[in-house]
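Naming convention: chains lettered A, B, ... in sequence-line order (proteins, then strands); numbering from 1 in each chain. Fair warning: this is a prediction, and the values are worked out from it, not measured in the lab.
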There are 2 protein chains.
Amino acid sequence: MPYSPASGPLTANASGQPAASDDDPAAIGRRVRALREARGISLSALARQAGVGKATLSGLENGTRNPTLETLYAITAQLGVPLTAVLSAPASGATVRGAAVSATLLEVFEDSDVTYELYRMRVAPGPGQLSPAHQAGVTEHVTVFTGVLRAGPVDAPLTAAAGGHLRWASDVPHVYAAVGDEEVTASLLLRYPRK
Amino acid sequence: MPYSPASGPLTANASGQPAASDDDPAAIGRRVRALREARGISLSALARQAGVGKATLSGLENGTRNPTLETLYAITAQLGVPLTAVLSAPASGATVRGAAVSATLLEVFEDSDVTYELYRMRVAPGPGQLSPAHQAGVTEHVTVFTGVLRAGPVDAPLTAAAGGHLRWASDVPHVYAAVGDEEVTASLLLRYPRK
DNA sequence: CCCGATCGTTCCGTTTACGGAACAGCGTTG
DNA sequence: CAACGCTGTTCCGTAAACGGAACGATCGGG
């Protein structure tokens, strides 16, 4: 049983960087209250419209309760905003970092037998970074936004400039490196079969 | 959203309403399970690592429980993904709709002289949709997640299946159409020069 | 002034999400 | 083929999130 490389396109896992930072539950309450007041709605009215108790909404706004998804969804739906609008940071991101590369997960999409993970990736100028082989069947698609990227299997990396597109099977060790002095920005799509 | 008009990939419509749409709670469970299995972690192990009960995680994955934010966060943090990765919701508010195509803006990136807009796109089965010419210098990059997509200039459209990648200059009228009965899901990257 | 209406908070009984333990199913071992 | 180790599910007592009602505070009108 091959121990799968933790999360994300890089080895680095966040075992050491859990939570703490921006999951402040009180922040959610503050955002809800701000959205409500921006619309000039009273707590009582919003609670009634959303079909939740006033006690629930009050506790949520003050951070004294740990709401269920159902409750939070009912409220955000009534405010006309997506759930993500009140969760952590706007461009929320589990960010995986390496020496030269950082990648932020934008979205996960599940097909019937394949999973896609879409990242925004940045590669700093310098020697680049090595990423170990992923499980079999994993494909990486990269579209370069800025700079010049050299990436792919260690023995046969590819190069693309802004607007270019790279694609390789990543079941072998592969590298990411910025060519030149400019930081590389790109989108990275990971495609792997569901087991 | 402080973000530019940019009329999106489709003719501007933006009917606006972030309709309640489907917030299928079971879908959250399916995503969590998919992410867990993709990492080769057992339910028992993930529950222990995340500090939640096995019963909780089991119920969550099977959609028989309505988790609290705290619970869901503990699990997604351990998986190394943001909360938004498992929430069905349209990640960002800006959704552009057409008859057959809908696209949700995920992120905007500004380079010194070029702007990128990254969308998640869905194309419903059927006759497809025509999009008028964009300004000169606009390039579209599409990576297909599910289904088979036929897209590109009206006089020379290209075809790609799941995992495939298309790219064309979109300063001429172009089309999007799903081939076959399956809905097409894809990422769409718009690249255009700043004025 | 008093009164009614509404504000947000707090109290309380009910519902339910929680974690621990017991459970059945499956592969591997001795 | 019992004995293990592991999987994921189900049972159950407890903690807490829930909605409804009661509360004090604040505002505007008669």
Selected nucleotide, minimal atom distance to B:Arg65 side chain, candidates D:dG19, C:dC18, D:dT9: C:dC18
Flag for A:Glu140-A:Tyr176: side-chain donor and acceptor within less than 3.5 Å: yes
Of the listed nucleotides D:dT9, C:dC7, D:dC18, the one nearest the side chain of A:Ser42: C:dC7
Any A:Arg36 side-chain N or O less than 4.0 Å from OP1/OP2 of C:dG8: yes
C:dT9 OP1/OP2 closer than 4.0 Å to side-chain N/O of A:Ser58: yes
Of the listed nucleotides C:dC7, D:dA17, D:dT7, the one nearest the side chain of A:Asn66: D:dA17
Options D:dT10, C:dT9, D:dA17, nucleotide nearest the side-chain atoms of B:Thr68: D:dA17
No-hydrogen, no-angle side-chain donor-acceptor test under 3.5 Å, B:Thr159 and B:Arg150: yes
Centroid separation B:His141 to A:His165 less than 6.0 Å: no
Under-4.0 Å salt bridge between B:Arg36 and B:Glu61: yes
Distance, rounded to the nearest Å, where A:Leu69 contributes CG and D:dC18 contributes C1': 15 Å
Integer-rounded Å distance: C:dT16 P and A:Glu70 CD: 9 Å
Separation of D:dT7 C1' from B:Asn62 CG (nearest whole Å): 14 Å
Short side-chain N/O contact to D:dC6 OP1/OP2 from B:Ser44, under 4.0 Å: no
Which residue lies more 5' along DNA chain D, comparing A:Leu57 with B:Glu61 via nearest heavy atoms: B:Glu61
Rounded distance in Å - CG (B:Leu46) to C1' (D:dC6): 16 Å
B:Thr56 side chain near C:dG19 phosphate (N/O to OP1/OP2, under 4.0 Å): yes
Atom-to-atom span, CZ of B:Arg33 to P of D:dT7 - whole angstrom: 13 Å
A:Leu72 CG to C:dA17 C1', straight-line distance once rounded to whole Å: 16 Å
Length of the line joining B:Leu60:CG and C:dA17:P, which is rounded to integer Å: 11 Å
Selection from D:dT10, D:dG19, C:dT9 that lies nearest to any side-chain heavy atom of B:Ala55: D:dT10
For atom CZ of A:Arg48 and atom P of D:dA21, their distance in whole Å: 15 Å
Residue A:Lys54, side-chain atoms from C-beta onward, closest of D:dA22, D:dT9, D:dG20: D:dA22
More than 12 heavy atoms from other groups under 6.0 Å of CD on B:Glu183: yes
